[in-house]
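Everything on this sheet refers to the single structure shown next.
In this chain, numbering begins with 1 at the start of the sequence shown.
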Amino acid sequence: MKKLQANNLAGKFEHLIEEDKIILTHLQIKKGEEIQSHKVDRDVLVIIYKGKVDFTTDKASEIIEPGDIIRLDKNEGHALKALEDADLFVVKVK
């Protein structure tokens with residue numbers, strides 16, 4: 001067992017796990033901040049645990065809040081805009 005701790009990042013990101021088959025990233029984005037559309041070469045889970053984010057893919061747009069989970073397929077385009085200060089976990093899996 002290994003205990004991991006998400007830190008207060010002041011609007012940045014940190015990789016909590018970075019291995020060949022899985023990457024776990026803690027992401028903090030401040031209200032009004034945007035992450036432009038991009039793609040990832042892995043399947044992705046986005047788990048929000050604080051704040052509110054407008055999450056957009058090539059096909060849809062959703063407002064996500066704590067308790068919501070977004071699943072993306074490999075190479076599915078997506079973008080984020082923080083409607084409130086937000087903390088998310090991003091899990092990338094091969």
Side-chain angles (χ1 to χ4, degrees):
M1 176 171 71
K2 182 176 180 182
K3 181 180 177 182
L4 303 171
Q5 179 69 41
N7 298 296
N8 182 1
L9 303 173
K12 299 178 184 177
F13 72 93
E14 64 182 337
H15 296 302
L16 298 173
I17 299 172
E18 193 168 9
E19 299 174 359
D20 183 49
K21 295 188 181 199
I22 186 168
I23 298 171
L24 172 62
T25 303
H26 172 222
L27 171 67
Q28 287 184 329
I29 50 178
K30 299 290 184 185
K31 181 179 179 178
E33 206 171 84
E34 295 184 47
I35 297 176
Q36 298 299 315
S37 184
H38 61 285
K39 297 179 181 181
V40 178
D41 66 349
R42 298 170 182 245
D43 292 331
V44 178
L45 292 174
V46 178
I47 305 153
I48 184 168
Y49 68 94
K50 177 185 171 193
K52 190 181 289 188
V53 171
D54 184 0
F55 195 98
T56 304
T57 68
D58 298 333
K59 302 172 188 173
S61 182
E62 292 280 344
I63 304 299
I64 60 172
E65 303 177 283
D68 292 337
I69 299 171
I70 298 289
R71 184 189 181 282
L72 301 167
D73 293 324
K74 178 180 175 179
N75 293 318
E76 185 173 353
H78 57 285
L80 298 84
K81 180 176 181 180
L83 303 176
E84 299 174 358
D85 289 353
D87 280 83
L88 307 99
F89 285 119
V90 180
V91 183
K92 300 173 191 168
V93 182
K94 267 191 179 178

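- Looking at heavy atoms from C-beta onward, Lys39 lies out of side-chain contact with Glu76 at the 4.5 angstrom threshold.
- In terms of heavy-atom proximity, Lys30 sits nearest to Ala82 at O-CB, 3.2 Å.
- Within the 4.5 Å cutoff, the side chain of Lys92 has heavy atoms near those of the Val44 side chain.
- In this structure the side chain of Glu34 reaches within 4.5 angstrom of the side chain of Gln36, judged on heavy atoms.
- The backbone N or O of Leu27 lies less than 3.5 Å from no partner atom in the side chain of Thr25, so there is not a single donor-acceptor pair.
- Looking at heavy atoms from C-beta onward, Leu72 lies out of side-chain contact with Val40 at the 4.5 angstrom threshold.
- Sorted by first and then second residue, the pairs that involve residues 66-75 and meet salt bridge (charged side-chain N to carboxylate O under 4.0 Å, His left out), not counting sequence neighbours, are Arg71-Asp73.
- The local environment of CD in Glu62 is sparse, with at most 12 non-hydrogen atoms from other residues, nucleotides or ligands closer than 6.0 Å.
- Among all heavy-atom pairs drawn from Gly51 and Pro66, the shortest one is O-CD, 3.1 Å.
- Hydrophobic cluster membership of Leu83, counting Ile, Leu, Val, Met, Phe, Trp and Tyr whose side-chain heavy atoms lie under 4.5 Å apart directly or via other members: Ile63.
- Shortest non-hydrogen contact noted between Arg42 and Ile22 is NH1-N, 3.8 Å.
- Linking ILVMFWY residues whenever their side-chain heavy atoms come closer than 4.5 Å, directly or via other members, leaves Ile23 and Leu45 in distinct clusters.
- Residues His26 and Phe13 place their aromatic rings such that the two centres sit no closer than 6.0 Å.
- A distance of 5.0 Å separates CD1 of Ile35 from CD1 of Ile29, quoted to the nearest 0.5 Å.
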Please assess Gln28 against Lys12 for the test side chain to side chain contact (heavy atoms under 4.5 Å, CB included), listing each intermediate value before the final yes or no. CA-CA 5 Å; Gln28 287 184 329; Lys12 299 178 184 177; over 6 Å; no
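- Of the candidates Lys81, Lys31, Glu65, Lys52 forms a side-chain contact (heavy atoms from CB on, under 4.5 Å) with just one, namely Glu65.
- The CG atom of Asp43 sits 12.0 Å away from atom NZ of Lys94, with the distance rounded to the nearest 0.5 Å.
- Ile64 places a side-chain heavy atom less than 4.5 Å from the side chain of Leu88.
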